[in-house]
Amino acid sequence: MPQPWDYIAKVVNIGDSGCGKSSLTIRLCEGRFNPQHDVTIGVEFGSRIIPVSAEKKIKLQVWDTAGQESFRAITKSYFRGATGALLVYDITRRETFEHVQEWLDELRAAADQNISIILVGNKCDLAEADPGKRKVTVEEAREWAEAHGLKAAVETSAKTGESVEEAFVDCAKEIYKNIVGGVYDLNDKSHGIKANTAKTSIGIDDQAKPPKGGCC
Ligand code: GDP
Ligand code: MG
């Protein structure tokens with residue numbers, strides 16, 4: 001019987017409050033959208049298994065800030081061991097894009113140097129409905145991402161689901177590239193990545209085994 005996943009990796013969502021970090025996590029892990037901005041409902045983490053090659057799957061464990069995302073309030077332990085990150089801004093609020101630099105600096109200071117970071121411009125549905133709402137162009141986001149060594153820049157809508165999977169898949173594939181390239185020491189627990197060491201998925205009481213029923 002094939003294993004449900006081969007690797008598990010920690011991915012953190014960062015960016016200003018209200019950009020849609022929780023909504024992206026809920027969309028990926030539960031396939032739904034909640035129009036209310038209620039920080040108390042914010043998930044702390046969810047997970048989703050992503051195929052990264054014909055045979056291999058990575059279980060992404062997505063960490064969400066649950067509403068304490070002012071710059072200094074996010075503790076180093078949130079970033080520690082993160083193998084991937086979604087750096088999220090809201091394409092309808094220019095200031096959230098202007099802050100991605102600060103978020104990136106925080107992240108690079110605290111996380112592993114090999115972290116795979118994807119720039120995510122969320123709420124693209126709003127600009128599709130009314131182009132006047134767009135305050136950040138696709139081109140400038142791409143240029144910024146490239147200039148700062150980020151792996152990709154994607155525009156998403158947690159509301160419609162557009163490209164949400166793509167953003168997380170891009171991140172998972174970058175992580176897998178690093179695994180294949182031998183970048184991580186999979187025995188070192190300080191990396192937020194582990195291989196599934198269970199020989200089969202039945203009959204072994206493996207602590208790392210995902211909970212029954214899949215997702216979050
Ligand atoms: P967070 O503070 O970054 O976790 O942001 P939330 O996920 O709580 O979202 C903030 C608000 O924006 C909520 O009212 C969401 O319903 C709304 N929202 C999130 N993503 C989208 C999106 O893609 N499109 C639209 N139109 N609204 C969104
Ligand atoms: Mg949130």
Side-chain angles (χ1 to χ4, degrees), residues 2-15 19-33 43 45-65 79 81-91 100 103-104 107 111-112 114-125 127-128 138 141-142 144-146 148-184 186 191-196 208 210-211 213-216:
Q3 305 203 78
W5 48 271
D6 302 280
Y7 305 96
I8 185 164
K10 173 178 172 180
V11 172
V12 292
N13 281 347
I14 57 165
C19 289
K21 299 180 301 297
S22 300
S23 302
L24 288 165
T25 311
I26 292 168
R27 168 60 72 189
L28 180 82
C29 300
E30 299 174 26
R32 61 180 180 89
F33 177 70
V43 270
F45 76 82
S47 66
R48 171 86 186 263
I49 295 169
I50 310 257
V52 284
S53 74
E55 297 102 37
K56 300 290 183 188
K57 296 189 199 80
I58 295 186
K59 180 174 174 173
L60 292 186
Q61 192 179 68
V62 184
W63 288 48
D64 187 50
T65 61
F79 295 117
T83 315
L86 257 55
L87 177 46
V88 186
Y89 66 95
D90 174 348
I91 67 162
V100 295
W103 284 112
L104 182 65
L107 183 63
D112 192 280
N114 297 307
I115 187 164
S116 300
I117 309 165
I118 309 293
L119 182 66
V120 176
N122 190 41
K123 307 196 188 181
C124 68
D125 59 286
E128 275 156 26
V138 175
R142 276 209 194 115
W144 186 88
E146 214 176 285
H148 291 84
L150 269 52
K151 300 302 179 190
V154 186
E155 282 197 352
T156 58
S157 167
K159 185 174 181 182
T160 66
E162 188 177 337
S163 299
V164 174
E165 220 164 290
E166 187 188 330
F168 286 99
V169 168
D170 280 355
C171 190
K173 287 196 168 160
E174 277 307 318
I175 291 169
Y176 185 59
K177 241 192 245 171
N178 283 340
I179 293 170
V180 173
V183 166
Y184 311 118
L186 295 176
H191 288 293
I193 182 145
K194 270 195 307 193
N196 191 351
C215 204
C216 295

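No experiment lies behind these values; they were computed from the predicted model shown.
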Measure the OG-CG distance between Ser23 and Leu28 for me, rounded to the nearest 0.5 Å. 12.5 Å
Go through the structure and list residues passing salt bridge (Lys or Arg N to Asp or Glu O under 4.0 Å) with Glu166, not counting sequence neighbours. none
For the atom pair CD1 (Ile14) and OH (Tyr89), what is the distance rounded to the nearest 0.5 Å? 14.0 Å
How long is the gap from CD1 on Ile179 to CG on Leu186, to the nearest 0.5 Å? 6.5 Å
Backbone of Val88 reached by a side-chain donor or acceptor of Asn13 within 3.5 Å: no
Does the side chain of Lys21 come within less than 4.5 Å of Leu86's, by heavy atoms? no
Listed by chain and number, what are the salt bridge (Lys or Arg N to Asp or Glu O under 4.0 Å) partners of Glu174, not counting sequence neighbours? Lys177
Of all residues at least two apart in sequence or in a different chain, which pass the ring pair (Phe, Tyr, Trp, His ring centres under 6.0 Å) check with Phe168? none
Considering all heavy atoms, the nearest Ile50-Ala172 contact: CG2-CB, 3.9 Å
Pairing residues for Val180 by the side chain to side chain contact (heavy atoms under 4.5 Å, CB included) criterion, not counting sequence neighbours: Tyr176
Nearest 0.5 Å, what's the CG-CH2 distance between Leu104 and Trp144? 4.5 Å
Side chain of Asn178, backbone of Val183: donor and acceptor closer than 3.5 Å? no
Once you round to the nearest 0.5 Å, how far does CH2 of Trp103 lie from CZ of Phe79? 6.0 Å
Non-neighbouring partners of Ala9 that pass side chain to side chain contact (heavy atoms under 4.5 Å, CB included), sequence neighbours left out: Ile58, Leu60, Thr83, Ile175, Ile193
Under the salt bridge (Lys or Arg N to Asp or Glu O under 4.0 Å) test, which residues partner Asp170, sequence neighbours left out? none
Residues in side-chain hydrogen bond (donor to acceptor under 3.5 Å, both in side chains) with Thr160, at least two apart? Ser157
Hits for side-chain hydrogen bond (donor to acceptor under 3.5 Å, both in side chains) against Glu128, two or more places apart or cross-chain, chain-then-number order -> none
Grab the two heavy atoms, one from Glu155 and one from Val138, that are nearest each other, plus how far apart they are. OE2-CG2, 3.5 Å
Minimum heavy-atom distance Ile118-Ala167, with the two atoms named: CG1-O, 4.0 Å
Locate the shortest heavy-atom distance separating Asn122 from Ala158; write the atom from each residue and the value. OD1-N, 3.2 Å
So Leu87 and Leu107, side chain to side chain contact (heavy atoms under 4.5 Å, CB included) or not? Walk me through it. CA-CA 9 Å; Leu87 177 46; Leu107 183 63; 5.7 Å; no
Give me the atom names and distance for the closest heavy-atom approach of Ile26 to Arg32. CG2-O, 3.5 Å
For Asp90, enumerate each residue passing the side-chain hydrogen bond (donor to acceptor under 3.5 Å, both in side chains) test, keeping only those at least two apart in sequence or located in another chain. Thr92, Arg93, Lys123
Within the structure provided, determine whether Glu165 and Arg48 are in side-chain contact (heavy-atom separation under 4.5 Å). yes
Minimum heavy-atom separation for Cys124 and Ile91, please, with both atom names. CA-CD1, 3.6 Å
Could you grab the distance from atom CD of Glu162 to atom CG of Asp125, nearest 0.5 Å is fine? 8.0 Å
